[in-house]
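To keep things clear, I will list the structure first and then write my remarks on it.
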Amino acid sequence: MADEKKTRILITSALPYVNGPVHIGHLAGAYLPADIYARYQRLRGRETLFICGSDEHGVPILLRAREEGVEPQAIVDRYHLMVREAFEGFGMSFDHYGRTSAPLHHETSRDFFRKLAKTGVFVRKTEAQLYDPEAGMFLADRFVRGTCPACGHDDAYGDQCESCGRSLSPRELKNPRSAITDAVPEVRDTTHWYLPLGRMQSSLEAWLSGHEDWKPNVLGQVRSWLREGLEDRAVTRDLPWGVPVPEDVAAEASVDARGKVLYVWFDAPIGYISATREWAELRGEPEAWERWWKDGDSELVHFIGKDNIVFHCIIFPAMLQAHGDYVLPANVPANEFLNLEGRKLSTSRGWAVWLHEYLEAFPADYLRYALCTNLPETKDTDFTWRDFQARVNNELADTLGNFVNRTHSFALRAFGGKVPPLGKGGPEDRTLLEACAKTPARVGEAIEGFRFREALETAMALAREGNRYINEREPWKTRKEAPEVCASTLHAALQCAATLSVVLDPFLPASCRRLRAQLGLEGLRDSGPGGGLGSPSREGCFTWDDAAHPLLEAGAPLGDAGILFSKIANEEVEVQVAKLVEGGGEGREEDSGYVPLESPCAFEDFAKIDLRAGRVVSAVKVPKSRKLLRCEVDLGFEHRQILAGVAEHLAPKDLEGKRVVVVANLAPRKMMGLVSEGMLLMAEDREGRLAPVTTDLEPGSVVR
RNA sequence: GGCGGGGUAGCUCAGUUGGUGAGAGCGCAGGAUUCAUAACCCUGAGGUCGACGGUUCGAGUCCGUCCCCCGCUACCA
């Protein structure tokens, strides 16, 4: 239940990570529910602010920029724009949509960090790491190559030697070099700041104990983390892309701040705050943001997907608590995941419906409806195009659209385009009007409990009741026999349509606006951006609760007719399904689903690999492992034990007896306590299916 | 493997603190109707509530074990 004591409500949707476009899975998790909630709160008349923005830092964006040979800023500029426009087309009613590369975000994050540093919240740890003087940056372990101290192999990674399987630390390597520039790395000490979650645990637990009413999937995850005991987390990184660590803080700790940035999960949630500040500045009231973030009367609600629970329920609250000035989330109604046609969504495989592409084909409200009827509120759910079509045709068009259309067009014809009077009204009329009166509260109760499917179903039930009512009252008969009765019927039916235009507004904002125009109904508060903020025009408008009373006055003029929802033909969804199968590759345009080619490899490098034919003598699943099969392979001159990470795709019998191709000189590697002496070559198709690469020749044969 | 969330009618999903004959929408079958977007309305068929034990007068709802799906994590071809 909503806490009516709080006077204003601050709603956030997870910041999308802009290394690609947004798809329907994102919408179902963090965006559509948040938008419905925000629009509802505005219609209720509560002071409401809805905030989101692009998350633009972190390693994946840096790597993507390197791949494409452009600056990271170019990547995030591209997707920030694309994502923002797609959200707008979908009807997301953000009061502000910011971005974490904005100067104000950098300033806000740095101030936040500075405050925690100054008040002694952080601990610092210094460790020696390798530094690339040419690239001017510290090297992650896998970016260091060199000679293995144990076996002399000259191309070992910084974390492990592939030749002897030994785990290493980068500093143990002889003749180390940078994998980026080939420069000889220097050993330098690097210091990082840590958020000591361990010692913050009890205060977090105290806070969480006041939130036993959160969704079970959220509480379960959170309790599990607390039971395990929280560990300190580093909040800075040696990276060239991100929010720079404040120089003054670094100087005070006698640390060189150059090349150090805030870790992305530290700065990203602060994006909620900086976007609010940006909103306030644009409004010309730079201090206005503090009301939302620092006043105890403010209720903060984060909408996210289940993968984000720990950050929003533990780490960010810990940061806010440590800072001291901020309110903590009142609720974090995380959703589970949406599947697509029975398979999980995958950006890398292109198994997704991209929002910007969807919007080229169908109206936003159709998707809003279809997704909302099937939101993954308690468990993962499945989106299919066929179901989408059925929802739109059978429910939106046939049930809702047809109800308002038959009502409206009848009134236009029979009553000269004006709302007919209720007159005395019969018991049936009063029954329908009572159903209308109860609906806003019922729908609202479900929304406030974050049960959006139930809320939409409740509203749609009123449309069904309206259809039933008209069938029973048969106004086409009473029109001539008893005109006053006919007038009462149409009056009640029009009131019902008017109620629907309000209670469905959060779900179908564009369609409900059109519906109200058809009904000649004006003066509802704006559910869109700015509608939850104080403004002169807002006063005098009617609200959600007012929809419990008849909204139309007898004699008032009706607007023009029009079809609200048109049906989707089979061919239209077939096109979408076909697009899915073909486009199995990536969000990028010309990609057909094939994995992109690796960069060229010199022949000398290729020649180092010794490929042999081998016969799989036996294959058994490695106990307690999810992916590994332990194979005994006959190479003719010897038998090898090889671990293949294919158990999710292949059964042991798929390999046993097969003559396969083996990388015979691959450095041994330990996994699950077992040594793997080589690798079985596998081919993978665009659907992700695996099959061994086989040969007819005898074991030991050389493959070139 | 560890931790968390799920496995309920053909399909997609609801089922609060255990208690009248287990629900909705869609799909299907039959009927009624014609104001309306070949729409609407009524009726019906349909499930041993993942499997096996247990607690209880009584369990989809609580406990235990196992199987399958998803997320985080661990050792990711």
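The structure displayed is predicted, hence computed values, not measured ones. Proteins come first, then strands; the chains are lettered A, B, ... in the order of their sequence lines, and each starts at number 1. Side chains included, hydrogens not; waters and symmetry mates left out as well; all remaining heavy atoms used.
- Proximity of I309(A) to W225(A): side-chain heavy atoms (C-beta onward) are nowhere separated by under 4.5 Å.
- The CG-P distance, from L680(A) to A77(B), rounds to 13 Å in whole Å.
- Residue-level contact check: E457(A) touches the backbone only, with heavy atoms under 4.0 Å from sugar-phosphate atoms and none from bases.
- Comparing G21(B) with G27(B), their P atoms sit 31 Å apart, to the nearest whole Å.
- Residue contacts for R413(A): at a heavy-atom cut-off of 4.0 Å it reaches the sugar-phosphate backbone alone, with no base atom in range.
- Backbone-only engagement by R464(A) is indicated by non-hydrogen atom pairs under 4.0 Å involving sugar-phosphate atoms exclusively.
- Remark on RNA chain B: of its neighbouring residues Q221(A) and I470(A), the 5'-side contact belongs to Q221(A), judged by nearest-heavy-atom nucleotide.
- Nucleic acid contact class of T373(A) (heavy atoms, under 4.0 Å, all strands): none.
- At least one side-chain heavy atom of T489(A) sits under 4.5 Å from a side-chain heavy atom of Y469(A).
- Looking at the side chain of E395(A), the nearest of the listed nucleotides C40(B), C26(B), C70(B) is C26(B).
- One can find a donor-acceptor pair under 3.5 Å joining the base of A36(B) and the side-chain atoms of N402(A).
- Contact annotation for L219(A): no contact, since no heavy-atom pair falls under 4.0 Å across all strands.
- Once rounded to the nearest 0.5 Å, the distance linking CD of Q221(A) with CG of N308(A) reads 10.5 Å.
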Checklist line | Nucleotide-level pairing of RNA chain B, given in dot-bracket where Watson-Crick and G-U pairs need both distances under 3.5 Å and | marks other strands | finding: (((((((..((((.....[...)))).((((.........)))).....(((((..]....))))))))))))....
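- Nucleotides G31(B) and G58(B) have their P atoms positioned 46 Å apart, rounded to a whole Å.
- Separation of the P atoms belonging to A45(B) and G10(B) is 15 Å when rounded to the nearest angstrom.
- Between N394(A) and G27(B) there is a side-chain N or O to OP1 or OP2 distance below 4.0 Å.
- On the C1' atoms, A38(B) is 14 Å away from U33(B), given to the nearest whole Å.
- At whole-Å resolution of the value, CG in D382(A) and C1' in C70(B) are 12 Å apart.
- Residue contacts shown for D398(A) are limited to sugar-phosphate atoms, with no base heavy atom under 4.0 Å away.
- Between E465(A) and S409(A), the one whose closest nucleotide on RNA chain B sits nearer the 5' end is S409(A).
- The listed nucleotides are G6(B), U33(B), A77(B); the one nearest the side chain of K379(A) is G6(B).
- At distances below 3.5 Å, at least one donor-acceptor pair connects side-chain atoms of N374(A) with backbone N or O atoms of D382(A).
- Here the side chain of N405(A) is nearest to one of C40(B), U37(B), G5(B), namely U37(B).
- You'll find that the side chain of R391(A) is closest to U12(B), out of U12(B), C35(B), C70(B).
- One C1' atom belongs to U61(B), the other to C72(B), and the distance between them is 28 Å to the nearest Å.
- With contacts defined as side-chain heavy-atom distances shorter than 4.5 Å, the pair L515(A)/L508(A) does not qualify.
- Per the geometry, NE2 belonging to H312(A) stands 23 Å off P belonging to G4(B), to the nearest Å.
- Of all nucleotides listed (U33(B), C41(B), G5(B)), G5(B) comes nearest to the side chain of N217(A).
- In this structure, of A36(B), U37(B), U12(B), it is U12(B) that holds the atom nearest to the side chain of N374(A).
- With hydrogens and angles left out, the side chain of D307(A) and the base of C72(B) share no donor-acceptor pair within 3.5 Å.
- Note on M460(A): nothing from the nucleic acid sits closer than 4.0 angstrom, heavy atoms only.
- Of the candidates A77(B), C70(B), U37(B), U37(B) carries the atom nearest the A397(A) side chain, counting heavy atoms from C-beta on.
- Closest approach to the T399(A) side chain among C40(B), U12(B), U37(B) is made by C40(B) (side chain taken as heavy atoms from C-beta onward).
- No contact: F403(A) has no heavy atom under 4.0 Å from any strand.
- E454(A) comes within contact range of no nucleotide atom at all, as no heavy-atom separation falls under 4.0 Å.
- Atom pair N393(A):CG and C11(B):P shows a separation of 22 Å (rounding to whole Å applied).
- Checked against the 6.0 Å centroid threshold, F565(A) and Y369(A) do not count as a close aromatic pair.
- When heavy atoms are screened at a 4.0 angstrom cut-off, T407(A) is found touching no nucleic acid atom at all.
- Here the side chains of R406(A) and N467(A) are in contact, with some heavy-atom distance below 4.5 Å.
- As rounded to the nearest Å, C68(B) and U8(B) have C1' atoms that lie 16 Å from one another.
- Salt-bridge formation is not detected for the pair E428(A)/R468(A): no Lys NZ or Arg NE/NH1/NH2 atom is positioned less than 4.0 Å from an Asp or Glu carboxylate oxygen.
- OP1 or OP2 of A39(B) has at least one side-chain nitrogen or oxygen of K567(A) nearer than 4.0 Å.
- A donor-acceptor contact closer than 3.5 angstrom is absent between the side chains of N217(A) and K379(A).
- In this structure, CZ of F337(A) is placed 12 Å from P of C70(B), rounded to the nearest angstrom.
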